[in-house]
*Asks:* 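Dropping the structure in here first, questions after.
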Amino acid sequence: MTATVHGFQTQVTKLLDLLANSLYSNKEVFLRELISNASDAIDKLHFMSLTNQDLIKDDPNFKIQIRPDKDAKTLTITDNGIGMTLDEANSHLGTIAESGTEAFMKNLTGDAKRDSQLIGQFGVGFYSSFIVAKKVTVITRSVNASEDEGVKWESEGNGTFTSENIKVPFRGTQIILSLKDDETEFTDTWKLRECITKYSDHISTPVELYEEKYEQPKEGEEKKEPEKKFEYTQINNAQALWTRTPKDVKDEEYIEFYKHLSHDYQDPLTWAHNKVEGDLEYTSLLYVPKMAPWDLYNRQNEHGLKLYVQRVFIMDKAEAFLPNYLRFVKGLVDTNALPLNVSRELLQETAVTRKLKKALTKRVLGMLEKLSKDASKYTEFYKQFGNVLKEGPVEDYDNRDAILKLLRFASTNNDSAECSVSFEDYISRMKEGQDKIYYITAESYEAAKNSPYLEQLKTKGIEVLLMWERVDEWLMGNISEFSGKEFVSANSQDLKLGNLADEEEKKKQETAATENKDLIERFKKALGDKVKDVVVSTRLIDSPSCVISDTNRMMTMQMRRLLEASGQ
Ligand code: ADP
Ligand code: MG
């Protein structure tokens, strides 16, 4: 059979140009991507072999091998994982998911280091081979295919690739990189050792490097030129990181593992590693990233933890273990309490999942509580994820108080748009006789801060929380109190000042109403159906008038605008 020439999907070609040209300064990431693909392929086969041992009986020891060849200027990465059929190779190594590429392109910053780290995040990892290779050859055989159904795929990264069926005597995938003339440092075992250690130390599959061994002359033997001998040596310790005792794991190891797990280029903001024994045995390793992913608010956002059962990888992005409002958390859970053949559907239904979800949610909330003690880190966290967290009190009734404690807002107490005031801070500063938490929602910080609705509260020296995020209005409409203190919107007709209202003012208001009866009538006539009522109020100090919403109708102005904007 002769090889068929295929054109890459247009986006792939664009991407390849980009990779080759702009992501030059951090080129070793290609190795991380290829090791990570090899490890994924092994995880997949390992999982299948649980129910069908025969699949791997010819070659039962999973491993990843890396072999440089200085003379040929090639670097070969081999795994004995699941492999690919011809169709699979054509589609997996010829296209990229539309949304992924688009997002990748949009997210490019021009900063080569940052951009190169985005590669993995957008699932375009394999193509990073072309950063260092002028030609990539893939020899692969699917676990389900016979020797004759092996595949050779090849490309020089310039718009086309070729592929054909060939005889392949082994299972798995071999990626042969023909290195560009100036990238031959990647045949240097010292350089490779350094990269492999960095990217694979926590991987549970052995990663071996083909390197030169010098035989020490035996005692008594005549000294002669040591013979050059090559063999594979294992580089990583191949013990899954989360199975180790937390106190023995170094911070750098947690950080590198996070990068492997999340494809993030930045360090995580914080993490929590717990091994729990007893009724429900599980290990969890949970991370909070520094930056929100591009699709945090996208309905199609895929998130969730990696699930392992007895250290065997079962699935990625298992959503069932954390509530939606914690969808920014990355990490894994490993448990003995679920069957190895658990499916996504089954996960949704089992009591074990529910118990784990409850426990893991508490872990995350605890981790955030701890993080909140570090003001600068927490500010950083809150800027990225605060608005997602605000979905929590409504979504997760059981943890409502714990989540409310984690929320922060700007306030009239300090002159800054920084959201740093918690409900607890607010309560600790409440005026004598005050038993309500006052807040205002507006379209922006400036609008909230300068709102005429605040005038009366300001003169009384009452602090008001300032809110302007879309989600705030919705959140406040759905919660009524914190720690026994009722929330009152400054936009509403009745400020419920209670003890804080003074009698004199009330009288003033009544007198003003009688005195200005005629004027009010004229206003009402002029405004007609546009308003429900016109009343005299003492709440304004500097402004002549303001529009307020009817407290009974539970809809404040901001909410109205939102609904109008969405066409309702
Ligand atoms: P991602 O790993 O995010 O899916 P990649 O570009 O790294 O994206 O890989 C694309 C796809 O190619 C993988 O999803 C997988 O199906 C296939 N693939 C890549 N490398 C291997 C491999 N070593 N063994 C089997 N399949 C592979
Ligand atoms: Mg990959």
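Counting starts at 1 for both ligands and their atoms, following the listed order.
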*Asks:* Provide the number and element of each atom of ligand 1 under 4.0 Å from a heavy atom of Gly125.
*Replies:* 5 (P), 6 (O), 7 (O)

*Asks:* Within the stated cut-off of 2.8 Å, is an N/O/S atom of Asn37 closer than that to the Mg ion (ligand 2)?
*Replies:* yes

*Asks:* State whether Glu156 and Lys135 are salt-bridged, where the test is any N-O pair (Lys NZ or Arg NE/NH1/NH2 against Asp/Glu carboxylate O) under 4.0 Å.
*Replies:*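 Not counted as a salt bridge, because no side-chain N and carboxylate O are separated by less than 4.0 Å.
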
*Asks:* Would Ile175 count as a polar contact of ligand 1, with the cut-off being nitrogen or oxygen pairs under 3.5 Å?
*Replies:* no

*Asks:* To which of Asn37, Asp316, Ile35, Thr140 does the heavy atom nearest atom 7 (O) of ligand 1 belong?
*Replies:* Asn37

*Asks:* Under 4.0 Å, heavy-atom basis, I'd like to know which part of Leu93 is in contact with ligand 1: side chain, backbone, both or neither.
*Replies:*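 Near ligand 1, Leu93 shows its side chain, while the N, CA, C and O stay back.
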
*Asks:* If you compare all heavy atoms of Phe62 against all heavy atoms of Leu45, which two are closest, and at what distance to 0.1 Å?
*Replies:*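 Looking at all heavy atoms of both residues, the closest pair is CE2-CD2, 3.8 Å.
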
*Asks:* Counting only nitrogen or oxygen atoms and a 3.5 angstrom limit, does Ile82 reach ligand 1?
*Replies:*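 Checking ligand 1 against Ile82, no N or O pair falls under 3.5 Å apart.
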
*Asks:* Step through the shown structure and confirm whether more than 12 heavy atoms of other residues, nucleotides or ligands are within 6.0 Å of NZ on Lys70.
*Replies:*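 Buried by this count: over 12 neighbours within 6.0 Å.
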
*Asks:* I want to confirm something. Looking only at heavy atoms, which of Lys44, His92, Glu33 is nearest to atom 10 (C) of ligand 1?
*Replies:* His92

*Asks:* Near Lys275 NZ, under 6.0 Å, is it more than 12 heavy atoms from other residues, nucleotides or ligands?
*Replies:* yes

*Asks:* Where does the angle between the aromatic ring planes of Phe8 and Phe161 fall among parallel (under 30°), tilted (30 to 60°) and perpendicular (over 60°)?
*Replies:* tilted

*Asks:* Would you say Met84 contacts ligand 1, with heavy atoms under 4.0 Å as the rule?
*Replies:*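 Heavy atoms of Met84 do come under 4.0 Å of ligand 1.
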
*Asks:* Do Tyr127 and Phe130 make the cut of ring centroids closer than 6.0 angstrom?
*Replies:*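 When the ring centroids of Tyr127 and Phe130 are compared, they turn out to be at least 6.0 Å apart.
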
*Asks:* Report, as yes or no, whether the 6.0 Å neighbourhood of atom NZ on Lys290 holds more than 12 heavy atoms from other residues, nucleotides or ligands.
*Replies:* yes

*Asks:* Side chain or backbone, does Tyr127 bring an N or O within less than 3.5 Å of an N or O on ligand 1?
*Replies:*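 No - when backbone and side-chain N and O of Tyr127 are compared with those of ligand 1, no distance drops under 3.5 Å.
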
